[in-house]
Chemist: 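Sharing a structure with you now.
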Amino acid sequence: MNRKIMNIKVEKATKPRRRMVHNLLINSIGSTFDIAKREWICVTPIRKEDDGFVDHCELCGARNYEQNILIMNENNNNQLKVGIDCASRFLLLNGCENQKDSRLLIQHVVAESDLENELITLFKILRNAPKLSTKEVNKFRNNLIEYLTLKGQVRKLYTREEIEIILETVLNVPDITNYDIKLLICILEKKVRFTLEESYRTPL
């Protein structure tokens with residue numbers, strides 16, 4: 001995961017602009033910037049292609065070109081879509097002891113979301129491929145094991161129920177088939193050389 005986290009560069013923190021202070025205070029409970037900036041948690045990144053993306057930071061007003069970070073105030077449930085740089089430089093997310101920890105938490109959330117999206121894309125390719133590519137299978141397996149390790153869900157063997165949960169909650173497979181289950185089991189158990197009958201593609 002570190003290889004992805006290190007790709008996010010953050011400018012050195014400076015004094016926040018008046019507009020940012022105003023927008024943060026009117027959406028927070030705290031009456032000062034130092035108190036208000038500690039009330040927020042990081043929910044999820046929102047990419048440009050996702051529903052709900054906004055092209056500007058709702059704190060400072062700066063232009064967002066690629067993605068937002070959705071943050072939520074734990075005291076009043078207010079939500080804001082902010083730029084990664086803005087959140088990393090000025091917010092001290094709830095539970096973090098210092099600015100560095102807060103920045104690393106944001107970077108971790110972004111990296112984990114990137115990994116999830118890559119897994120979804122790769123599995124779509126694999127489940128629709130007439131012939132499996134060893135390179136793509138290995139890439140998918142390594143990324144999935146990395147993700148499951150982060151979540152504390154890595155196993156030597158998975159039950160059918162656990163496989164279905166991964167397909168539904170991680171890989172966003174809408175209509176799970178026996179083919180999907182057998183494919184994922186074979187990939188995780190490194191049985192990439194196998195033949196799957198067409199009948200396995202029918203929904204459960």
Side-chain angles (χ1 to χ4, degrees), residues 1-10 41-53 64-71 81 83-85 87-88 101 103-204:
M1 187 64 79
N2 288 337
R3 56 188 170 81
K4 299 179 184 248
I5 288 178
M6 295 304 295
N7 288 335
I8 302 176
K9 297 182 180 180
V10 180
I41 60 173
C42 183
V43 179
T44 185
I46 303 174
R47 289 170 180 76
K48 182 169 61 175
E49 61 271 18
D50 295 335
D51 293 335
F53 174 81
N64 286 332
Y65 294 97
E66 297 299 331
Q67 61 183 334
N68 316 135
I69 290 288
L70 178 64
I71 59 174
K81 297 167 185 176
I84 293 177
D85 184 63
S88 299
D101 288 346
R103 182 173 65 250
L104 289 174
L105 176 59
I106 292 171
Q107 293 175 345
H108 176 82
V109 170
V110 171
E112 187 174 293
S113 178
D114 288 343
L115 188 56
E116 288 175 354
N117 278 275
E118 186 173 4
L119 284 170
I120 292 170
T121 300
L122 283 172
F123 193 72
K124 284 181 180 178
I125 294 173
L126 293 175
R127 74 192 296 249
N128 294 314
K131 184 178 181 181
L132 294 180
S133 161
T134 302
K135 181 178 179 180
E136 289 177 342
V137 167
N138 289 337
K139 182 178 180 180
F140 172 79
R141 182 195 302 114
N142 292 338
N143 285 352
L144 182 57
I145 290 174
E146 179 182 353
Y147 180 85
L148 294 173
T149 300
L150 288 171
K151 295 294 186 179
Q153 298 172 359
V154 69
R155 309 272 192 278
K156 287 186 177 180
L157 293 173
Y158 290 87
T159 65
R160 182 185 178 93
E161 182 180 1
E162 288 172 333
I163 290 295
E164 289 181 11
I165 291 173
I166 293 172
L167 287 166
E168 181 180 357
T169 63
V170 179
L171 302 176
N172 286 350
V173 177
D175 298 311
I176 298 173
T177 66
N178 286 310
Y179 177 88
D180 296 322
I181 294 170
K182 187 172 182 180
L183 174 62
L184 188 54
I185 290 174
C186 289
I187 289 175
L188 285 171
E189 295 180 0
K190 297 185 178 181
K191 298 176 181 177
V192 295
R193 295 178 181 177
F194 59 91
T195 301
L196 294 173
E197 298 83 357
E198 189 66 27
S199 60
Y200 275 107
R201 296 182 183 271
T202 58
L204 291 173

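Just so you know, these numbers use all the heavy atoms, side chains as well, and skip hydrogens, waters and symmetry mates. Position 1 is the first residue of the sequence, and the numbers go up from there. Predicted model only: the values in this text are computed from it and were never measured.
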Chemist: Look up atom CD in Glu164 and atom OG1 in Thr169, then write down how far apart they are to the nearest 0.5 Å.
Modeler: 11.5 Å
Chemist: Begin from the C-alpha positions of Val137 and Arg141 and carry the test side chain to side chain contact (heavy atoms under 4.5 Å, CB included) through to its verdict.
Modeler: CA-CA 6 Å; Val137 167; Arg141 182 195 302 114; 3.7 Å; yes
Chemist: Checking Val173 against Ile176 for the side chain to side chain contact (heavy atoms under 4.5 Å, CB included) test, could you report, in this order, the C-alpha distance in whole Å, the side-chain angles of both residues, the deciding distance, and whether it holds?
Modeler: CA-CA 6 Å; Val173 177; Ile176 298 173; 4.1 Å; yes
Chemist: Nearest 0.5 Å, what's the CG-CG distance between Leu148 and Asn143?
Modeler: 11.0 Å
Chemist: According to side chain to side chain contact (heavy atoms under 4.5 Å, CB included), who are the partners of Lys124, at least two apart in sequence or on a separate chain?
Modeler: Ile120
Chemist: Is Arg127 reaching over with its side chain to a backbone N or O of Asp180, donor-acceptor style, under 3.5 angstrom?
Modeler: no
Chemist: Please list all pairs meeting ring-ring contact (aromatic ring centres under 6.0 Å, His included) that have one or both residues in residues 119-143, counting only residues at least two apart or in different chains.
Modeler: Phe123-Phe140
Chemist: Give the minimum heavy-atom separation between Ile181 and Arg160, together with the two atoms involved.
Modeler: CD1-NH2, 3.4 Å
Chemist: Are any non-hydrogen side-chain atoms of Ile71 and Val43 less than 4.5 angstrom apart?
Modeler: no
Chemist: Report the distance from atom CG of Leu122 to atom CG of Asn117, rounding to the nearest 0.5 Å.
Modeler: 11.0 Å
Chemist: Asp85 and Ser88: side chain to side chain donor-acceptor pair (under 3.5 Å), yes or no, with the steps?
Modeler: CA-CA 5 Å; Asp85 184 63; Ser88 299; over 6 Å; no
Chemist: Find the distance between CG (Leu167) and CG (Asn172) and round it off to the nearest 0.5 Å.
Modeler: 10.5 Å
Chemist: Atom CG of Leu184 and atom CD of Glu189: how far apart are they, to the nearest 0.5 Å?
Modeler: 9.5 Å
Chemist: Please name the pair of heavy atoms, one in Asn68 and one in Asn64, separated by the smallest distance, quoted to 0.1 Å.
Modeler: ND2-ND2, 2.9 Å
Chemist: Is the count of non-hydrogen atoms from other residues, nucleotides or ligands lying under 6.0 Å from Glu49 atom CD greater than 12?
Modeler: yes
Chemist: May I ask you to decide if Ile69's main-chain N or O and Lys81's side chain share a donor-acceptor pair within less than 3.5 Å?
Modeler: no
Chemist: What verdict does the side chain to side chain contact (heavy atoms under 4.5 Å, CB included) test give for Asp101 and Leu105, after you've listed the backbone C-alpha separation in whole Å, the side-chain angles of each residue and the deciding distance to 0.1 Å?
Modeler: CA-CA 6 Å; Asp101 288 346; Leu105 176 59; over 6 Å; no
Chemist: Short question: side chain of Asn142, backbone of Asn138 - any donor-acceptor pair under 3.5 Å?
Modeler: yes
Chemist: Side-chain contact test, heavy atoms from C-beta onward, threshold under 4.5 Å: evaluate it for Ile145 versus Val154 and give yes or no.
Modeler: yes
Chemist: Of all the heavy-atom pairs spanning Leu126 and Leu132, show the shortest one and how long it is.
Modeler: O-CD2, 3.6 Å
Chemist: Between Tyr65 and Lys48, is the side chain to side chain contact (heavy atoms under 4.5 Å, CB included) condition met? List the steps.
Modeler: CA-CA 7 Å; Tyr65 294 97; Lys48 182 169 61 175; over 6 Å; no
Chemist: Can you tell me how far the OH atom of Tyr147 sits from the CG atom of Leu115, to the nearest 0.5 Å?
Modeler: 8.0 Å
Chemist: Val109 versus Pro45: any side-chain heavy-atom pair under 4.5 Å?
Modeler: yes
Chemist: So, does Glu162 use its side chain to make a donor-acceptor pair with the main chain of Thr159 at under 3.5 Å?
Modeler: yes
Chemist: For Gln153, enumerate each residue passing the side chain to side chain donor-acceptor pair (under 3.5 Å) test, keeping only those at least two apart in sequence or located in another chain.
Modeler: none
Chemist: What's the verdict on side chain to side chain donor-acceptor pair (under 3.5 Å) for Arg47 and Ser113, showing C-alpha distance, side-chain angles and the deciding distance?
Modeler: CA-CA 10 Å; Arg47 289 170 180 76; Ser113 178; 2.9 Å; yes
